Amino acid sequence: MSAHTHTHDHVCWGHSTHSKAHNHRLEVSGLTLSYREVLALHDINFATECGRSIALIGPNGAGKSTLLKALAGLLKADRGTILWRGKPLTRSSHEIAYLPQRGEVDWNFPITVRGLVEMGRYPNLGWWKRYSTHDEEIVERAIVSMQLQDLQHRQISALSGGQQQRTFIARALAQEAHVLLLDEPYTGLDKPAQESLAKLFRELTGEGRLLIASHHELQSVPNIFDEVLLLKKDQVAFGAVKEAFTSENIQRAYET
Amino acid sequence: MTTFTDFLSEPIAKRALLACAMIGFSNGFVSAFVVLRKSALKVGTLSHALLPGLALAVLCFGLTQWSALAGAIFAAMFVGLGSIFVARTSRLDQDTAMGILYTTAFAGGIVLLTGMQMRQKLDEWLFGSIVGMADSDLWIAFGISAIAVLTLTMLQRPLLIFLFEPNVAASLGVPVRMLNYALFAIVILVLISSLQAVGCILSVGLLVAPAATVYLFSNNARTLFIGGGIIGALGSTTAFFLSYPLGWHISSTIVLVLGTFFTLGYIFSPRYGLFASRKRSS
């Protein structure tokens, strides 16, 4: 099939050595953001690179969703910078995919799985450019890799929670996104669906993507994520799960 | 039925029929946007807000098509932006502010128009006057329909992503703010043309029912636009042929026919009707 001839030249294959050479780094420094004079995030600093998955952990109102939206370029920071590959991140909209919480989406919207995945081609197509066989191939591959072939003509409300999450990820793949920002992707999924999503996360980071997800289920963090950012408006801790995800840090994030 | 065929041969009837088809199509087309944006109530508010704008324009500049247009746009902006301003500067939400602003403006409009001895015009704006349309009215309706249908067609791709999820759209690089303004302008334009057809009280029906009916049949958002247009045109022209023999008011007949279409779909749609099994998919 010709779909397989297309190479992933936009994603850095084989993590660290390549990614360092390409400098696929995400660097956030001094990020401060407020909603109508109410401080939402204060002085966030961390740096990471592609091929990793990061959990944003913290109590309600700690700024997890705000940070994801800021990284997606949906909210403007008061201060600080977000650099992706050395450039301000908002300038590379096709490389960043934002996946909203499932509860924020109107699942009755008249669209099929395939239609939703095709939306990912927008950054490349713009308003009028013709949807070509190249686009068709990319969409097809995204659908196949998320195992949505049999569901592709379903309306999106006729899917399970895990299938809906996979549809979102397929849209991000169709977008050829390098960085995936996911808001509470594990919320509302049953155990088997959570496990298959965790496996998917490892596959996606394995092919060189950077995943950043807000998460609230503490005990599953070591199984799913490589790094963790503990938040409470201020940054409590950041680092590899083994080092930063300590009971002491968790307590500091959740104490009132 | 000789009287009806006589009536049909008159230019006034031909113009009305043409207007029904055109205004029905453009309103039905735009109704897809209104339904997917879930803004039926906001559009209802806007349509009522047009009346005081028309009254003010007549008061200041006399009655021409252009002054009416300017007045309508001014009034819609006043209520739309005014409610945002009140919501920002007080503890009230935007819906509450809109509810106060538009009823106050509407009441003012009625007093103004009655005071200016314009009862007849007031009735036309409240309930429509599609049978009394002049050639120039028809051209304006045609212009508005063409602009609305062409713009929505051209913007289809970004528009559908925006309607699905504004945050996703913004992250994909869809110019969300620009779309918002453009669509607000189109809704106002289309409201002005439906003001002529069915009046400001019933115009919401024409701007909601067609696509809502198609929504019960289709899982393709694009179908909602063209299908809404066809239902709108079909319903309006059917109403035209029904209203004369039955002696019914034409604006009310248009909305009644569209309401009947919707009810039939609500009950009998094989996919999402009352008797369809919800479990079935694809």
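Letters go in sequence order (proteins before strands), and every chain restarts at 1. As the structure is a prediction and not an experimental result, all values here were calculated from the model.
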*Asks:* Do other residues, nucleotides or ligands put more than 12 heavy atoms under 6.0 Å from B:Phe142 CZ?
*Replies:*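 Open.
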*Asks:* What are the two closest non-hydrogen atoms of B:Leu36 and A:Phe109, and how far apart are they?
*Replies:*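 Scanning both residues completely, I find the closest heavy atoms to be CD2-CE1, 3.8 Å.
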*Asks:* If you check every heavy atom in residues 152-165 of chain B against those of chain A, which residues fall under 4.5 Å?
*Replies:*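 Hits under 4.5 Å: B:Met154, B:Leu155, B:Arg157, B:Pro158, B:Leu160, B:Ile161, B:Leu163, B:Phe164, B:Glu165.
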*Asks:* Answer whether the closest heavy-atom distance between the side chains of B:Lys38 and A:Asp106 falls below 4.5 Å.
*Replies:*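 Sidechains of A:Asp106 and B:Lys38: in contact.
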*Asks:* Is it the case that over 12 heavy atoms from other parts of the model lie below 6.0 angstrom from the OH atom of A:Tyr35?
*Replies:*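 For A:Tyr35, atom OH is crowded (more than 12 foreign heavy atoms under 6.0 Å).
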*Asks:* For atom CG of B:Leu264, decide whether the heavy atoms of other residues, nucleotides or ligands shown that lie under 6.0 angstrom number more than 12.
*Replies:*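 Yes, because the 6.0 Å sphere around CG of B:Leu264 holds more than 12 heavy atoms from other groups.
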*Asks:* Is it true that atom CG of A:Asn60 has more than 12 heavy atoms of other residues, nucleotides or ligands lying nearer than 6.0 Å?
*Replies:*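 Count not over threshold, so no.
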*Asks:* Side chain, backbone, both or neither: which part of B:Val176 has a non-hydrogen atom closer than 4.5 Å to chain A?
*Replies:*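 Answer is neither: B:Val176 stays 4.5 Å or more from chain A.
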*Asks:* What part of A:Leu99 gets within 4.5 angstrom of chain B, counting heavy atoms only: side chain, backbone, both, or neither?
*Replies:*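 No part of A:Leu99 comes within 4.5 Å of chain B.
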*Asks:* How about CZ on B:Phe78, more than 12 heavy atoms from neighbouring residues, nucleotides or ligands closer than 6.0 Å, or not?
*Replies:*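 Result for CZ/B:Phe78: open.
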*Asks:* For the atom pair CG (B:Leu172) and CE (A:Met119), what is the distance rounded to the nearest 0.5 Å?
*Replies:*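 Between B:Leu172 CG and A:Met119 CE, I get 9.0 Å after rounding to 0.5 Å.
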*Asks:* Any pair with a residue in residues 84-97 of chain B that passes side chain to side chain donor-acceptor pair (under 3.5 Å), sequence neighbours left out, goes on the list, sorted by first then second residue, please.
*Replies:*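 Non-adjacent pairs meeting side chain to side chain donor-acceptor pair (under 3.5 Å): B:Ser83-B:Gln94, B:Asp93-B:Thr96.
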*Asks:* Would you find more than 12 non-hydrogen atoms of other residues, nucleotides or ligands less than 6.0 Å from A:Tyr131 atom OH?
*Replies:*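 Yes, OH of A:Tyr131 has more than 12 neighbouring heavy atoms, counting only those of other groups under 6.0 Å.
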*Asks:* Decide if atom CZ of B:Phe184 counts as having more than 12 heavy atoms of other residues, nucleotides or ligands within a radius under 6.0 Å.
*Replies:*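 Yes, CZ of B:Phe184 has more than 12 neighbouring heavy atoms, counting only those of other groups under 6.0 Å.
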*Asks:* Which pair of heavy atoms, one from A:Leu74 and one from B:Asn167, lies closest together, and at what distance?
*Replies:*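 Where A:Leu74 meets B:Asn167 most closely, the heavy atoms are CD2-O, 3.4 Å.
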*Asks:* Closest approach of A:Pro110 and B:Tyr215, non-hydrogen atoms and distance?
*Replies:*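 Nearest heavy atoms, A:Pro110 then B:Tyr215: CD-CE1, 3.7 Å.
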*Asks:* A side-chain contact here means heavy atoms from C-beta on lying under 4.5 Å apart; do A:Ile96 and B:Ser171 qualify?
*Replies:*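 Not touching, per the 4.5 Å side-chain cut-off.
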*Asks:* Could you walk me through whether A:Arg154 and B:Asn219 pass the side-chain contact (heavy atoms from CB on, under 4.5 Å) check?
*Replies:* CA-CA 9 Å; A:Arg154 278 208 191 168; B:Asn219 276 331; over 6 Å; no
*Asks:* Need one label for A:Leu151: side chain, backbone, both or neither, based on atoms under 4.5 Å from any heavy atom in chain B.
*Replies:*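 For A:Leu151, neither part sits under 4.5 Å from chain B.
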*Asks:* Please indicate whether A:Trp107 has more than 12 foreign heavy atoms, meaning atoms of other residues, nucleotides or ligands, lying under 6.0 Å from its CH2.
*Replies:*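 Yes, CH2 of A:Trp107 has more than 12 neighbouring heavy atoms, counting only those of other groups under 6.0 Å.
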